[in-house]
Amino acid sequence: MSDFPTRARVVIIGGGVVGCSALYHLAQKGWTDCVLLEKNELTAGSTWHAAGNVPTFSTSWSIMNMQRYSTELYARLGDEVDYPMNYHQTGSIRLAHSAERMQEFERAAAMGRYQGMDIKILTPEEVKELYPFIETHNLTGALYDPNDGDIDPAQLTQALAKGARDLGQRIIRFCPATGVTQTDDGWVVHTDKGDIACDYVVNAAGYYAQRVGEWFKPYGGRSVPMMVMSHQYLLTEEIPDIEAWSKETGRKLPLLRDVDVSYYLRQEKHGYNLGPYEPNCRAHWDTSDDPMPEDFSFQLWSDDLDRIEDIVTDAMERVPLMATSGVSRVINGPIPYAPDGLPLLGPMPGVKNAFEACVFTFGIAQGGGAGKVLAEWIVDGQTEWDMWSCDPRRFTDYTDHDYCVKKGMEVYGNEYAMHFPRHEWPAGRNKKLSPVHEQVIAQGGQMGAYNGWERANWFAQPGDDTSQEATHTWGRAGPWQQRIREECEAVRDHCGVLDLPGFSRFAVSGDGAAEALRGLIAGGLPKVGRMNLVYIADSRGRILTEMSCLRSGEDEFTMITAASAQWHDRDILRAAMPAGVTVEDLTTCRDTLIVTGPKAREILAPLTDADLSLGWLSHQAATVAGHAAHLVRVSFAGELGWEVHALYDHMPAIYAAIREAGAKPFGMYALNALRIEKGYRAWKGDLSTDYSLLEGGLDRFVKLDKPQDFPGKAALQQERQQGAQKRFVTLVVEAGDADAPYMSCLWKDGQIVGETTSGDWGYRVGASIALGMVRADLATPGTELEVEIYGRKHRATVQPDQPLWDPHNERLRA
């Protein structure tokens, strides 16, 4: 090919809706010398057989943002690129059969209102007015989203492609990529038609993304965490009553979703499209006797209607009109699933200048927003909204094939399930176990998964209800409540011990390590033998991550971060360190115990040769129960305490000795309650790129007068001069029976003025507490606001800028 491009700024592998959206949005940001490769025709993968629903609903703030943007883009795209499109914003009705479902709807509606959407809560009678053919038996209510609807996936993809081409982008069809080679300054993407050198490469290969991902393994990559589900939907023959209604009203029926039964029902021409998400689901290409073909373009599987028979029957009872028509066609095609059902969108873990925009379960709904987000990642190095929910680095080394298949099937079979705050999903568990796991289980530990690591959430006593059903509540009360109280009181009055496997841990060392860190973090470094918290910002001064920094020598540091941040923070550190400075991941080498409470010194003294008189934020090598360990004088619980770090083989004896000395085991639920009383921030809740360091109340960790030009310095200097628009606050809430979840709206005089970032009950102070962001002029102590919790507004009072518990840290420093 004489016109085959040999050079591009970005090469995108995959020509579905997401790949084309990424190409279009790169052009919108001025990068018009990019290439998209598609091995067949555009839309040949999941896009071509997608149903084309475009919801905005989500209980995830970032997913709702992404889907909302899609609806806004699709409404104007046809005119923008001069391409005809069938986009119907019919509105949708989500049906609720229970009070718990209505609480979920109330929360989502509040989030939508905050983003400017006119989402409404309906009674069953109001549902009937909007949808005359429905039976409203056993309904509690519904959620109505006027922006929901459907679009033709092929037209959408072609419109994005046309818009990209018109701006100078290249799309090469019937040109499969065959591999990649990393160069000093970028990549070479190989095809049968020639090689293309580029700065960045994007894996947008849909259900083939795992195969494409294998090409990046020699350069630091990993197996893409995904599997493929068989998803069926059926189309009915035309129904005269629907045709008559549409002609009379001039519109289509709203899209129905019966989420408690697990299906959607949409008007398709003058018939119906029924799409179930059945618990009796089917994975494909998951075993050696069912291999993925080399090319499955524009292909489907055979019908398997027995799987969905019960759901079809229920839908006919809900909308009897559906039973008057036969089935005209069944679509049964592949849909990729990540282990949590959300896409992989962002930097490829461990691989420089490579990105992922793949494994989209709802690619049509999210495609517009995904292109925007990916273009921001590539061009700006950061995104408008914090997108951790989709960041590929949220999964690490535990996502083997078995895990991905089990979790994908679990997510699919519970696609519309409510995600209650105390519920732990059972599939794919026990991937990473602490060395004291059996001891924890023997004491009644009720476990949760944290980046694959099993940690105790709370400790049950004989007779406690530990069933999954007991966790199906948005409320505070449950069998765990009394146990959390007892655990918090033990930490307050005596001494508790928490096993905390999976702390992300990096050794940073080598000549120049200290200076490199000074140029990365916003604040200062600790002295040798000391530790402190350090924060890293993006170029806007927004909170990228938080680390505990322990200094052992002039250029020797241990950086400790959240379990879920392992690959995220590893990439940040490695990218910032110069030649000669090493970043070694020690996460799987050591376990950590938190030993904390006013009696912690008495508990540890007989077991260790450490100097327990060393002050707060010191650390030292010592022996504990006869084994080498490292003691760090810090406590996330806000009491006198130490972190005990030791090798895996040594921790069982250390843990047993501390328990036998009288420390009471406590879990993650108690730790969250304890930390929120101190105003300690949690990563990717209170600490995210939605907020700047100054908005987050982290001023004391920012040194604008230091000579190093750390990321975000200029933006923070400007913000300090102009004043932050938002401020972090602690609120005491008259909350009733449920504490404020993440992203609950804060109200003042009928206006939304901020949002919560976390909430819990504080057992030491006896109050419901929320941390949040509020308009700066309302951050004054004593200001009364309202926080909306599952549809009800509760009085909330801004507190002084200090911890609610032990405000002067006297107990910490004891």
[X] with [Y]: basic N within carboxylate O range, under 4.0 Å:
| X | Y | result |
| --- | --- | --- |
| Glu376 | Arg540 | no |
| Asp304 | Arg282 | no |
| Asp400 | Lys431 | yes |
| Asp397 | Lys432 | yes |
| Asp386 | Lys684 | yes |
| Glu278 | Arg307 | yes |
| Arg94 | Asp145 | no |
| Lys406 | Glu410 | no |

Exercise for review: I would like to know whether Tyr233 and Leu274 meet side chain to side chain contact (heavy atoms under 4.5 Å, CB included); could you show each step before the answer?
Suggested key: CA-CA 6 Å; Tyr233 64 91; Leu274 172 68; over 6 Å; no
Tell me whether the rings of [X] and [Y] are parallel (<30°), tilted (30 to 60°) or perpendicular (>60°).
| X | Y | value |
| --- | --- | --- |
| Trp683 | Trp388 | perpendicular |
| Trp187 | Tyr219 | perpendicular |
| His25 | Tyr69 | tilted |

**Study point:** Residue that, paired with Cys198, satisfies side chain to side chain contact (heavy atoms under 4.5 Å, CB included) out of Val189, Ile12, Asn353, Val180
**Key:** Val189
Review point. Nearest 0.5 Å, what's the CZ-OG distance between Arg266 and Ser92?
Key: 12.0 Å
Study note, to complete from the structure: Interatomic distance, CG@Asp571 vs CE@Met348, rounded to 0.5 Å, equals 11.5 Å
Check your understanding: Can you check side-chain hydrogen bond (donor to acceptor under 3.5 Å, both in side chains) on Ser58 and Ser60, steps first, answer last?
Key -> CA-CA 5 Å; Ser58 179; Ser60 163; 4.5 Å; no
Practice item. Sequence neighbours left out, what pairs pass salt bridge (Lys or Arg N to Asp or Glu O under 4.0 Å) with at least one residue falling in residues 8-29? Key: Arg9-Asp33, Lys29-Asp380
Exercise for review: Please collect all salt bridge (Lys or Arg N to Asp or Glu O under 4.0 Å) contacts where either partner lies in residues 331-354, sequence neighbours excluded, each pair once.
Suggested key: Asp340-Arg394
Practice item. Assess whether side-chain hydrogen bond (donor to acceptor under 3.5 Å, both in side chains) is satisfied between Asp303 and Gln232, documenting all intermediate values. Key: CA-CA 8 Å; Asp303 307 348; Gln232 299 182 98; over 6 Å; no
Practice item. Tell me whether the centres of the aromatic rings in Tyr114 and Trp61 are closer together than 6.0 Å. Key: yes
Point to revise | Aromatic ring proximity, centroids under 6.0 angstrom, His49 and Phe298 | key: no
Contact between [X] and [Y] at the side-chain level, heavy atoms closer than 4.5 Å - yes or no?
| X | Y | value |
| --- | --- | --- |
| Trp474 | Arg107 | no |
| Pro347 | Arg393 | yes |
| Met447 | Arg429 | yes |
| Leu374 | Leu345 | yes |
| Tyr337 | Glu415 | yes |
| Ser230 | Asn332 | yes |
| Tyr24 | Gln169 | no |
| Thr191 | Leu37 | yes |

Point to revise | Trace of the ring-ring contact (aromatic ring centres under 6.0 Å, His included) decision for Trp567 with Phe395 | key: CA-CA 8 Å; Trp567 283 6; Phe395 297 115; 9.6 Å; no
Compare every heavy atom of [Y] with every heavy atom of [X], then report the nearest pair and how far apart it is.
| X | Y | answer |
| --- | --- | --- |
| Val228 | Trp301 | CG1-CH2, 4.2 Å |
| Ala51 | Asn273 | CB-ND2, 4.0 Å |
| Gln103 | Tyr790 | O-CD2, 3.5 Å |
| Leu433 | Trp453 | O-CZ3, 3.9 Å |
| Ala563 | Ser504 | O-OG, 3.3 Å |
| Tyr207 | Ser46 | CD2-OG, 3.1 Å |

Exercise for review: Could I get the full list of side chain to side chain contact (heavy atoms under 4.5 Å, CB included) partners for Tyr74, not counting sequence neighbours?
Suggested key: Val54, Ser70, Tyr87, Ile151, Leu156
Point to revise | Arg211 atom CZ, neighbour heavy-atom count above 12 within 6.0 Å | key: yes
Practice item. Could you tell me whether Asp310 atom CG has more than 12 heavy atoms of other residues or ligands within 6.0 Å of it? Key: no
Point to revise | Working for side-chain hydrogen bond (donor to acceptor under 3.5 Å, both in side chains), residues Asn147 and Thr71 | key: CA-CA 7 Å; Asn147 296 313; Thr71 66; 5.4 Å; no
Do [X] and [Y] meet the criterion of a side-chain donor-acceptor pair at a distance under 3.5 Å?
| X | Y | result |
| --- | --- | --- |
| Lys372 | Thr383 | no |
| Ser389 | Ser62 | yes |
| Asn457 | Tyr450 | yes |

Review point. Can His472 and Glu100 be said to form a side-chain hydrogen bond (donor to acceptor under 3.5 Å, both in side chains), step by step?
Key: CA-CA 8 Å; His472 292 174; Glu100 289 79 12; over 6 Å; no
**Study point:** Test log, rule side chain to side chain contact (heavy atoms under 4.5 Å, CB included), inputs Arg505 and Met559
**Key:** CA-CA 6 Å; Arg505 187 188 315 264; Met559 312 296 287; over 6 Å; no
Check your understanding: So Phe506 and Arg574, side chain to side chain contact (heavy atoms under 4.5 Å, CB included) or not? Walk me through it.
Key -> CA-CA 10 Å; Phe506 307 97; Arg574 288 182 174 171; over 6 Å; no
Practice item. Walk me through it: do Trp285 and Phe296 pass the test ring-ring contact (aromatic ring centres under 6.0 Å, His included)? Key: CA-CA 11 Å; Trp285 304 333; Phe296 201 69; 5.1 Å; yes
**Study point:** Exam field: side chain Asp538 to backbone Arg542, donor-acceptor pair closer than 3.5 Å
**Key:** yes
Check your understanding: Are Leu95 and Arg257 close enough, and set up right, to give a side chain to side chain contact (heavy atoms under 4.5 Å, CB included), and what steps lead you there?
Key -> CA-CA 6 Å; Leu95 306 177; Arg257 288 186 179 85; over 6 Å; no
Point to revise | Verdict with reasoning, His190 to Trp215, per ring-ring contact (aromatic ring centres under 6.0 Å, His included) | key: CA-CA 11 Å; His190 308 293; Trp215 303 341; 8.9 Å; no
